[in-house]
Structures are given as C-alpha cells and as structure tokens.
There are 2 protein chains.
Amino acid sequence: MCGILGNRFPGGFFVVTLEDVARHAGVSLATASRVLNGSARQVGAGLRAKVEQAAAELGYRTNVAAQTLARGAGNVIGLVVHDLVDPYFAAIADGAVKAAEDHGMVVMVGTTHRDPAKEIAYVSSLGAQRARAVILAGSRMDDPSAAGLRAELDRYRAGGGRVAVVGQDLLGADTVAVANRAGAAALAEALHAMGHREFAVLAGPPRLITAVERCEGFAGALPGLSPQIIHGPFDRDGGYGAALSIDPGVTCVFAVNDVMAVGALAAFRDRGIRVPDDVSLAGFDDIATLRDLVPALTTVRLPLAEMGARAVELALSEEAGPSVVHVEGEVVIRESVRAR
Amino acid sequence: MCGILGNRFPGGFFVVTLEDVARHAGVSLATASRVLNGSARQVGAGLRAKVEQAAAELGYRTNVAAQTLARGAGNVIGLVVHDLVDPYFAAIADGAVKAAEDHGMVVMVGTTHRDPAKEIAYVSSLGAQRARAVILAGSRMDDPSAAGLRAELDRYRAGGGRVAVVGQDLLGADTVAVANRAGAAALAEALHAMGHREFAVLAGPPRLITAVERCEGFAGALPGLSPQIIHGPFDRDGGYGAALSIDPGVTCVFAVNDVMAVGALAAFRDRGIRVPDDVSLAGFDDIATLRDLVPALTTVRLPLAEMGARAVELALSEEAGPSVVHVEGEVVIRESVRAR
DNA sequence: CTGTTAGCGCATTCAG
DNA sequence: CTGAATGCGCTAACAG
C-alpha cells in the first residue's frame, strides 16, 4: 500500500513527506500544507478530511527544519543558564519550559557553568538555529568581559531574534527585573526590628551584579551601622568559606542567596556555632528544595518559576521597545533568625 | 559595502547567506560551504582564507534549519524529564547537556510533570524536529499507559532517530540501567548489620518501576523479616505523608529516594520523633543539594550527571543493537542512621 | 582542488 | 476554494 510512497533512507527508514500525503489524498501539495499546518487559508471540509486521513494512514510528521526554512522563523526558544543543578536556575528553567510549551514553542537549554565564552557560544548557536528568542538567566559580571556577549546579542538581534534577561535591566533587552535592593532592604529592616545590630554579609563576588545589589540594598537599609562584608563565590562552598571569617561580635548573618546560606549553616555547624542560638542567618531566593532545612531559613522569596515564564512571554510579545517587568521579593521570617 | 548583499526581511533585518559569502569571496557556493561547515573535503589555503574573511566581514551565520534539511539530520538531542526542579532530574539534565555539547549537539528539554500524554507529545515533537536522539529519564509506570509511548517511540525510531532511556531496560532501547535492586539490597544489609530488625519502607507508587525495584531489593535482602511497606507519591510530600503511618516498633525507615526522605524527616520533626535517636532513616540517590541536611542522610549514591552523559553517548554511538550500560549505587552511611 | 547542478520538505505567492 | 510554480539556504553528488 505504501510501496510507492516515502523515501528509503540509508538506514532503511521511511520518511513520509507532505507530497506523499498530498498524492495519497489526491490533492495538491498546497492544499495538504494548508490543512496540516496552521494556515490562515480555509480548505473545504471534504478535502480536509481526505488529507487528514491520508496523513494519519501514512504516519506523516511535519519536518520542522523544512518548515523553519520555508517560513524563515522557527519555534525554538533558547535558554542560557549557569547551572541546572543550582535550584535557582532549575526553577527558572522549569517556568520557562512551561511557558514556552503554552506558546507552542520548545526550549533549548545551554549551561555555561559561569564561563562567559560559553555564554557567547550558546547565543551564537541559538542564532544559527534561528531561535525565536533567547532568555539569559543569571547575571553577568559587571565588567568588560560582558562586551563580547553584548556584541553577540546585537548580532543575534540584527538577525531578527528577541532577547530577554532575567535579573537586571542592563542589556537594553526585555527584562524581568528583580528588586534585589528593595528585597534586601526589607529583610535588613525586619532583622533590625528584631533587635540585631551587628551584621555580616556573605556578599558573593565583588562584581556580580545580583550579589552587589543585594549586598548594597541590605547595608543601605541599616543607617549608622556598617556590616562586615565578606566576598566569595556565589555558591554553597562560597558561603561556607565566607562564614569562616565572620567577626566575633556579629549576631546576624545575611547570605546573598539561599545556597550560600546553606554553606554558611554547614560552616557554623562544623565549628559548633548554633543557629539561631548563637547567630541568626538569612538568605535570599527561597529555594523550594531547601525548605526542609533545619533551622528553616529566613529569606526573601522570589517567584522563580514565574520569572522564567514571564521572560519567555516578554520575548514572545509583539511589544516594540524593550519592556521591563518588575518582580518583588517577599521577606519570610523563619527559625534561622531569632530576636535579640 | 554591503549594499547589494543580504536580504532585507520584514522587520528590516539583514540575513547573510552562504551565497553572499561565496560571492563576496569570489568563490563558488560549494567551496564556501566546504570551508565554513565541517566538510571532509579539503580546500586550498588561499580560498579558505578568503572565504573565512568574507564570512567574518559579512557576519555570516549558518542557517541550521537549511543545513538540517539538506543533510537530512539535525544536531539536536531531546531530553524528556518529569520535573527540572526535582534535583534528581536536574542533575541528569546537567550531565546530558554537557555531554551533548561535547559532541557538538544541543539539547532540547521537555518537562512532563508526570503526564504520560505530555511525554508522548514531546517525543512526537522531537520527531518532527528530526532530533538525532531522545533521552527519556524517569521511569514510566509499569502499566498499559506506556503503550502509547512505546508506539510513539517506534514511530520516532522508524524515522531514523535513536532513543536512550535512563532507568531500566524496558523499552528495548539503549539504556543506562540503574542497579536499583542491588543498591537497595546493599543498603538493607548494611542497616541490618548495624542491628536494625524492624523496618519500614516508604515505597512510592505501587507501579512505578524504580520505586518497586528499590523496595523489592531492600525487602529481599532482609531474610526472615517483613518490613512495613507504605505506598505514596514519589516526591517530598509523598515521603511526608507516608511517614505519618509508620508502625510504632520500627527502628529504621528506608525512603526509596532522597527527596521522599526529606519529607519523612520533616514529618518526624513535626511529630517530635528524633532522627536518628528515635528512628534511623535512609534514602536513595544522594542528591547533592541535600547533602547539608541535618542529620546528614544515609543513602545510596548514584552518579546522576554521569548517567545523563552516558545516555547521550549511548544514543550517539554507532552501535548496532540496543546496548545497556549498568551503573551501580554506593551505600553511604551518614548520621541519619544509628546502630542499635 | 574547485565549480555546477540538483534537490532536501515545506510555505506561499499567483492564477484559475 | 484549489492548484501550479517558485524559492528558503544549504549539502552532496557529479563533472572539470
């Protein structure tokens, strides 16, 4: 029945094309195309049924590559994150994937593991894929190394792609802007109100924008006080390391993200320092996977999945100029902090 | 300088094609193709340089869709997981993305959130993308609902795609097989050797293969004993709920994965049951993000990232029949378990 | 080593 | 409403 249809491939496979379907249904290629793919044109009910049946019988599958080539635009959205194992990015990715799916798009993820060169390489690759949009999550360093990325993004946009950023509004692109300063400030105020006066901030890398904003927002909301600032990597081990050099008098420690707070917690435990008895500890992000930690982490909750989803929606919207969506964090006081 | 090159697009963008590059370099289309894309053919140094310069000047970017169409094979690998937020899948995804990158491929992820229909839909979509391979992570239910998936996978393979599975060897595909039974058995023996005799297993869904294997492996290694089996969802809340109905005499609880163990830990804490003082607790997977839990979780370590990487390598290998790679778990005793 | 020539599978004018 | 014809950008024979 399908002896004359389909093409044999090297491996010995068949592949049914639109033309096969059209022939089998006794209609033109154009008509088959119109019914099988979302065309604006209408097709008579009779032919439509024929085509659909033929497609089903033959097991027709759209060739997305051909479609993309013919249409000049594909259905992939690129997502570039630092590390999928970091629950912060995993949550964002989850939201992005879900939103993309709602729009009939698929997501391609790239992980850079904080290598700027890889970030650029992924944007380039996504450009080659003619991805509809690329979403960048995780803040870049506030330094010259970002120039290469910028250039690559410009190229990408010059080719007709959209770009959206999760983090801060820096690249002149659509942005899901996190109110890091405000969130950290609110946290600082809450902590201050609980009687704390001697603070330390596990501040992350000195030039990582998200870290800097949270650190500054926190310190800025503590008039007259000057918290001890300790820099280090933005991850669990960074928190562990930084916690080791906290000054003796400190009663409350703010780690600029939850994952670092976990590291700090481990450091305290290893040194026999009890939380919150001896020192209070707070983080930022409210990572779901970490909610069962003991003591439960005081933090600033961010709608991570929603942020990812919003980013793809921004990138897919038809808005003219780059638009910015703001998201606020919500202070959540839990057992890791105790009033003084 | 580029007034006659490139095509203007609706949005007003340029897009430089290989033909533009060839013309600009004064060579043939074929030659340009050969130098710019990994062809086996050699090109003279002179022309090669010319082409490369032309490409750079014009800002040429390969059109992957066209390439895929012409070649009949693309460079995407599909990865289908249940939930990126679950650190188990995140780790596997991380490994897969890295491995794919090493092979010059990109990864498209789909999340099903345990909806079989979505799993099928993703495989179908990946087929349309002419994805080189699809990796399925997370075990499917051992029931009729898997039939649809099987059919879809067959269609996918009929089109020339490869499929690899992370979990158990069931689909007749390349498989990264986890020694769930052996790992759970080894754990049981270790626990038994520490003096435990009264066990409970937070067993997960009755028909989820991974869960069943772990449960059976565990119980099977406890001759003469019959642990209390409590079924429930395979996630954190499932562990919490199941832990609520543990019999009084039990001294040691095995949750079939770490995430469930975390839930159980929370349940114990809420009810004033101390771990490991009142009851010992063990999990499975050794999720990195959970290593700082207190008490530290006794578990069976799985090389998650490596499993993901192996899966893509299997799928990309030229091996004829479906091959199976076995991975073993390693028992890791930590503070959540105490000898009796 | 290099150029010419056909398609790859599909969307889309443009006629009818 | 339907069909015929053209081209998307690139690769891969096939000649030269």
Side-chain angles (χ1 to χ4, degrees), chain A residues 5-10 13-51 55 58-75 127-130 159-160, chain B residues 5-10 13-51 55 58-75 127-130 159-160:
Chain A
L5 295 173
N7 309 309
R8 231 156 304 279
F9 252 54
F13 311 112
F14 292 97
V15 40
V16 179
T17 72
L18 232 204
E19 191 177 340
D20 296 327
V21 174
R23 195 161 24 219
H24 192 77
V27 303
S28 76
L29 217 199
T31 297
S33 173
R34 297 197 262 254
V35 359
L36 260 17
N37 307 66
S39 169
R41 317 286 302 253
Q42 288 304 306
V43 172
L47 292 192
R48 145 165 271 110
K50 266 187 177 168
V51 171
L58 264 34
Y60 169 72
R61 340 251 348 186
T62 298
N63 181 324
V64 176
Q67 204 168 258
T68 299
L69 180 56
R71 289 215 260 243
N75 70 328
Q129 305 277 351
R130 298 296 185 273
Chain B
L5 295 173
N7 310 309
R8 231 155 304 279
F9 251 53
F13 312 112
F14 291 100
V15 38
V16 178
T17 73
L18 231 206
E19 193 177 340
D20 296 328
V21 174
R23 195 162 22 222
H24 192 75
V27 303
S28 77
L29 218 200
T31 297
S33 172
R34 296 197 264 253
V35 358
L36 261 17
N37 307 66
S39 168
R41 315 290 299 254
Q42 287 305 306
V43 172
L47 292 192
R48 147 166 267 109
K50 267 186 178 169
V51 171
L58 264 35
Y60 169 73
R61 339 253 346 188
T62 298
N63 182 325
V64 176
Q67 203 170 259
T68 298
L69 181 56
R71 290 216 258 243
N75 70 328
Q129 304 278 349
R130 297 297 186 270

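In what follows, every chain begins at residue 1, and chains take the letters A, B, ... in the order their sequences are listed. The structure displayed is predicted, hence computed values, not measured ones.
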Closest nucleotide among C:dT12, D:dT2, C:dC10 to the A:T17 side chain: C:dC10

task: Tell me whether the OP1 or OP2 atom of D:dG3 has a side-chain N or O from A:T31 closer than 4.0 Å.
output: yes

query: Can you name the nearest heavy-atom pair linking A:V64 to B:Q129, along with the distance?
result: CG1-OE1, 3.6 Å

task: Show your working on side chain to side chain contact (heavy atoms under 4.5 Å, CB included) between A:L36 and A:T62 and close with a plain yes or no.
output: CA-CA 8 Å; A:L36 260 17; A:T62 298; 5.8 Å; no

message: Counting only side-chain heavy atoms from C-beta out, which of D:dG9, C:dA11, C:dT12 sits nearest to A:L29?
response: C:dA11

query: Quick one: is D:dT11 close enough that its OP1 or OP2 comes under 4.0 Å of any side-chain N or O from B:N37?
result: yes

- prompt: To the nearest angstrom, how far is A:L69 atom CG from D:dT6 atom C1'?
  reply: 13 Å

task: Using only side-chain N and O atoms of B:Q67, determine if any of them is under 4.0 Å from OP1 or OP2 of D:dT11.
output: yes

query: Rounded to whole angstrom units, what separation is found between the CZ atom of A:R71 and the P atom of D:dT6?
result: 23 Å

task: Write down the distance between CZ (B:R48) and C1' (C:dT2), rounded to a whole number of angstrom.
output: 13 Å

field: Contacts of B:A70 that satisfy side chain to side chain contact (heavy atoms under 4.5 Å, CB included) - sequence neighbours left out
entry: none

task: Taking only the side-chain heavy atoms of B:A66 (C-beta and beyond), determine which of C:dG3, C:dG9, D:dG9 contains the nearest atom.
output: D:dG9

message: Could you go through A:V21 and A:H24, starting from their C-alpha distance and side-chain angles, then the distance that decides it, and tell me whether this counts as side chain to side chain contact (heavy atoms under 4.5 Å, CB included)?
response: CA-CA 5 Å; A:V21 174; A:H24 192 77; 5.7 Å; no

query: For the side chain of B:L18, counting heavy atoms from C-beta on, which of D:dT2, D:dG7, D:dC10 is nearest?
result: D:dC10

- prompt: Whole-Å distance between D:dG7 C1' and B:N63 CG?
  reply: 13 Å

- line: Atom CZ of B:R23 and atom P of D:dC10 are separated, to the nearest Å, by 12 Å

message: Strictly below 4.0 Å: does B:S28 bring a side-chain N or O up to OP1 or OP2 of C:dG3?
response: yes

message: What is the separation between atom CZ on A:R130 and atom C1' on D:dC10, rounded to the nearest whole Å?
response: 11 Å

- line: From CG of A:D20 across to P of C:dC10 the rounded distance in Å is 9 Å

message: Before you tell me yes or no, could you show the steps for B:R48 and B:R34 under side chain to side chain contact (heavy atoms under 4.5 Å, CB included), namely the whole-Å CA-CA distance, both residues' side-chain angles and the distance that decides it to 0.1 Å?
response: CA-CA 9 Å; B:R48 147 166 267 109; B:R34 296 197 264 253; over 6 Å; no

- prompt: Starting at OH of A:Y60 and ending at C1' of C:dG9, how long is that distance when rounded to a whole Å?
  reply: 7 Å

task: Look at the side chain of A:R34 and the base of D:dG3, then say whether one donor and one acceptor between them are separated by less than 3.5 Å.
output: yes

statement: Winner on side-chain proximity to A:A30, out of D:dG3, C:dC10, C:dC8, is D:dG3

